[in-house]
Number of protein chains: 2
Amino acid sequence: MDSDRRRRPTLDTVAAAVGVSRATVSNAYNRPDQLSSSLRERILETARSLGYAGPDPVARSLATRSSAAVGFMLPQGLSGAFSDPALSIVLDGLASTVDGHDHSLVLMPGDATGGPRPSIVSRAQADVMVAYSLPDSAPAFDAVAARGLPLVVIDQPVLPGSARVEVQDYAGATSAASHLLALGHSAFGILTFSLHPDGASGPVTFERRSDVPFRVSRDRLGGYLDTLEKGGVQPDNVPVWEARGSDRELGRLGARWLLTRTPRPSALLCASDQLAFGALQAARDLSLTVPRDISVVGFDDVPEATYSDPPLTTVRQPLADKGRRAGELALKLLAGGRPPRPTRLDVSLVERASTAPRT
Amino acid sequence: MDSDRRRRPTLDTVAAAVGVSRATVSNAYNRPDQLSSSLRERILETARSLGYAGPDPVARSLATRSSAAVGFMLPQGLSGAFSDPALSIVLDGLASTVDGHDHSLVLMPGDATGGPRPSIVSRAQADVMVAYSLPDSAPAFDAVAARGLPLVVIDQPVLPGSARVEVQDYAGATSAASHLLALGHSAFGILTFSLHPDGASGPVTFERRSDVPFRVSRDRLGGYLDTLEKGGVQPDNVPVWEARGSDRELGRLGARWLLTRTPRPSALLCASDQLAFGALQAARDLSLTVPRDISVVGFDDVPEATYSDPPLTTVRQPLADKGRRAGELALKLLAGGRPPRPTRLDVSLVERASTAPRT
DNA sequence: TTGTAAGCGTTATCAG
DNA sequence: CTGATAACGCTTACAA
């Protein structure tokens, strides 16, 4: 059962074998310039033959008070989260940034509370945390604060002392809605992802529209609704469907509902491209032609938006930059920097072929 | 710059404040039964007021020689990896399993070598590693071995001392190809993902078909080709396209090429559902109707296969189980267990509407 | 260029 | 139920 429990070699083992002190062996790994290269070679060689794989990461972390890892907190489980390519792109930007600095990434999936459990956060070996689109009052935030860890927040509002990177969601939503209004549309439907972290899907009741803890959902939905209202469309008359995630199939489901209302919307505003792709699908299912019969606009501008059928009119946000920027901020906080003023990334409407004047 | 550098409280700080020994405070957190609940309450209360967030994870790890984390090694960067929902599902199964045991997940993205850099692996704070579909001789494996960490391998062949979970890829591919043969097809095209970790995309030359280091690609491609040959189809006459990832758009690209060969294939064998969805798209682009003009079969059976247009005939593999099983194995190795005999998960052909008899 | 010694914050063993 | 004391494996002044 512990046949391989024969003690693994340590710095001391190697030091003893070579006949030098432990500090010297440590230097061989961490400060090559502190010893003759011949000695260093000899040390490394001996280490290899002893089966010593280099300084133990945990012990090193304890001594340096740094674990060289950034924690990434998600609002939900992995499979839900990754059904949206937007997250993958952000995470990739983040990963490549921290990876380039020899830091690793600790993933903390969320549960029904809309974020990782506090116990997970308290025990995570990371020296900076990145929160991705967590709901406003996720318990995970308290755990981070209790540990005094630096925090960078993506897509969430002010949290004292944290660094932030955010996107002009409200403005983006506004431009999308204005675009449709300018095309002459007056019957709308809105497809949004989670408003509350309870995993509900369905038509959105009026109460559910208030106190939305997900800032992104709040801003996009608010931007759509406010703009429509300014354009003379009664928000109460706009059907809204909430999907439990940003997922194509969920979008298809919701869009089917929206497109079977009476009167039928001539334009659909979607909170993400994935949802919009689902809407495209739903339209096909109902033998409606986009954009002739109905216009669809998305949000994000993921790569597929260029290739979809038809190519999607959408609000572009710089996803990879978002991740990279979050990575840089994390690294900066790690280096002892103060949180700089929030990075606000721009969005812009990209007009493709899924929208057309109302006929 | 270090205004918050005022030393964080430690076990000793709390112990002193309460007037007990450090061990007692430790017990308050780790062995509630070892002290009176009133004392425990008092300790926890004081800790809270002192801003002590509980035992430091790193120090705890050093003392217990366990970091309560499992490392997950990927063959490529995150964005590439996550464009395939199959990975998300596997990872979710893994995450929920280890999460349930209060372990966290350390992600190690790969680079051009087809796996994470050895330096990353050497320093990762994890006490068991899971390799996901790495190429046969990834340098990452050496790093794992050097550290003497237990290893569980998903979708890769024998590595001495490691636990394995794998899927009957060859058999699955065989059944897919047989199905098409039985339908009377004789002109085929094959769409595969990476054969070699060099990120190349394009028609597959003959040399490239040998010494394929990715077992999954090797088995699926081999299963297709061998079966076709047994069915009387000359493998040399079967065009094969290699996509650099399992991604819908890359599949569309490859399928476009395959579908414009002369003679045009009447059936496409795809190494994954994502690739197959791309093929469906490509067929539409070329005004071909599936399955009337061409039959398409995928591999994986991701949820979307049920809903695609048309629903996809594909080889089902139990993705979530794969992840869960890997998680259980990791936990078992962690507990000191010996690697059990490999878990082999079954596959089965699911016939939907993307295949039809040759007309 | 190399060695000494003092931490880093815990857990664990074993008396009391 | 509580408390010394010894690990855990390493980094890092500082001294030689």
Side-chain angles (χ1 to χ4, degrees), chain A residues 5-44 46-47 50-68 122-125 127 146-149, chain B residues 5-44 46-47 50-68 122-125 127 146-149:
Chain A
R5 246 201 188 309
R6 74 148 198 281
R7 233 168 189 44
R8 307 229 80 221
T10 74
L11 266 193
D12 282 314
T13 320
V14 179
V18 180
V20 296
S21 88
R22 187 199 325 169
T24 302
V25 180
S26 173
N27 281 335
Y29 284 96
N30 304 312
R31 310 186 175 176
D33 50 308
Q34 296 294 295
L35 36 60
S36 67
S37 64
S38 65
L39 175 58
R40 180 172 132 92
E41 241 342 298
R42 194 150 56 90
I43 292 178
L44 263 26
T46 317
L50 253 36
Y52 178 71
D56 178 280
V58 175
R60 175 206 286 263
S61 289
L62 180 59
T64 58
R65 295 179 237 16
S66 136
S67 46
S122 309
R123 302 155 105 104
Q125 293 184 24
D127 22 44
R147 285 185 61 180
L149 290 179
Chain B
R5 245 195 188 312
R6 73 148 201 280
R7 235 168 185 46
R8 308 229 80 220
T10 73
L11 267 193
D12 282 314
T13 321
V14 178
V18 180
V20 296
S21 87
R22 186 198 329 168
T24 301
V25 180
S26 173
N27 281 336
Y29 283 96
N30 304 311
R31 309 186 177 177
D33 50 307
Q34 295 294 295
L35 66 171
S36 68
S37 65
S38 65
L39 176 56
R40 181 172 132 88
E41 241 342 298
R42 195 150 56 90
I43 291 178
L44 263 26
T46 316
L50 254 36
Y52 178 71
D56 177 282
V58 174
R60 174 206 286 263
S61 289
L62 180 58
T64 57
R65 297 180 241 4
S66 137
S67 47
S122 309
R123 302 155 104 104
Q125 294 184 24
D127 24 42
R147 286 185 59 179
L149 290 180

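Proteins get letters first, then strands, A, B, ... in listed order; numbering begins at 1 in each.
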Check your understanding: Hey, does the side chain of A:Ser21 come within less than 4.0 Å of C:dT4's phosphate (OP1/OP2), counting only N and O?
Key ->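 For C:dT4, neither OP1 nor OP2 has a side-chain N or O of A:Ser21 closer than 4.0 Å.
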Exercise for review: Output yes when at least one side-chain N/O atom of B:Ser26 is less than 4.0 Å from OP1 or OP2 of C:dT10, else no.
Suggested key: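 False: B:Ser26 side-chain N/O out of range (4.0 Å or more) of C:dT10 OP1/OP2.
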Practice item. Using heavy atoms and a sub-4.0 Å distance, could you list which residues of residues 29-41 of chain A are near DNA chain D? By number, please. Key: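 Residues of residues 29-41 of chain A under 4.0 Å from DNA chain D: A:Asn30, A:Arg31.
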Can you name the side chain to side chain contact (heavy atoms under 4.5 Å, CB included) partners of [X], sequence neighbours left out?
| X | result |
| --- | --- |
| B:Gln34 | B:Asn27, B:Arg31 |
| B:Arg40 | B:Ala28, B:Pro32, B:Leu35, B:Leu44 |
| B:Ala59 | A:Leu62, B:Asp56 |
| A:Ala63 | none |

Review point. Axis-to-axis angle across the helix from C:dT1-D:dA16 to C:dG16-D:dC1, five pairs an end, to 10 degrees?
Key: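 The helix from C:dT1-D:dA16 to C:dG16-D:dC1 shows an end-to-end axis angle of 30°.
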Point to revise | All pairs passing salt bridge (charged side-chain N to carboxylate O under 4.0 Å, His left out) where residues 11-20 of chain B contributes a residue, at least two apart | key: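 For residues 11-20 of chain B, and leaving out neighbouring residues, the salt bridge (charged side-chain N to carboxylate O under 4.0 Å, His left out) pairs sorted by first residue read B:Asp12-B:Arg22.
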Exercise for review: Check whether the side chain of B:Arg65 and the base of C:dT10 form a donor-acceptor pair under 3.5 Å.
Suggested key: no
Atom pairs under 3.5 Å: protein N/O with N/O of nucleotides 14-16 of chain C:
none

Can you tell me how far [atom2] of [N] sits from [atom1] of [X], to the nearest Å?
| X | N | atom1 | atom2 | result |
| --- | --- | --- | --- | --- |
| B:Gln125 | D:dC10 | CD | P | 13 Å |
| B:Leu11 | D:dA4 | CG | C1' | 15 Å |
| B:Leu62 | C:dC8 | CG | P | 14 Å |
| B:Arg8 | C:dT10 | CZ | P | 11 Å |
| A:Arg22 | C:dT2 | CZ | P | 17 Å |

Exercise for review: For A:Arg60, enumerate each residue passing the side-chain hydrogen bond (donor to acceptor under 3.5 Å, both in side chains) test, keeping only those at least two apart in sequence or located in another chain.
Suggested key: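 Partners of A:Arg60 by the side-chain hydrogen bond (donor to acceptor under 3.5 Å, both in side chains) criterion, ordered by chain and then number, come out as A:Asn30.
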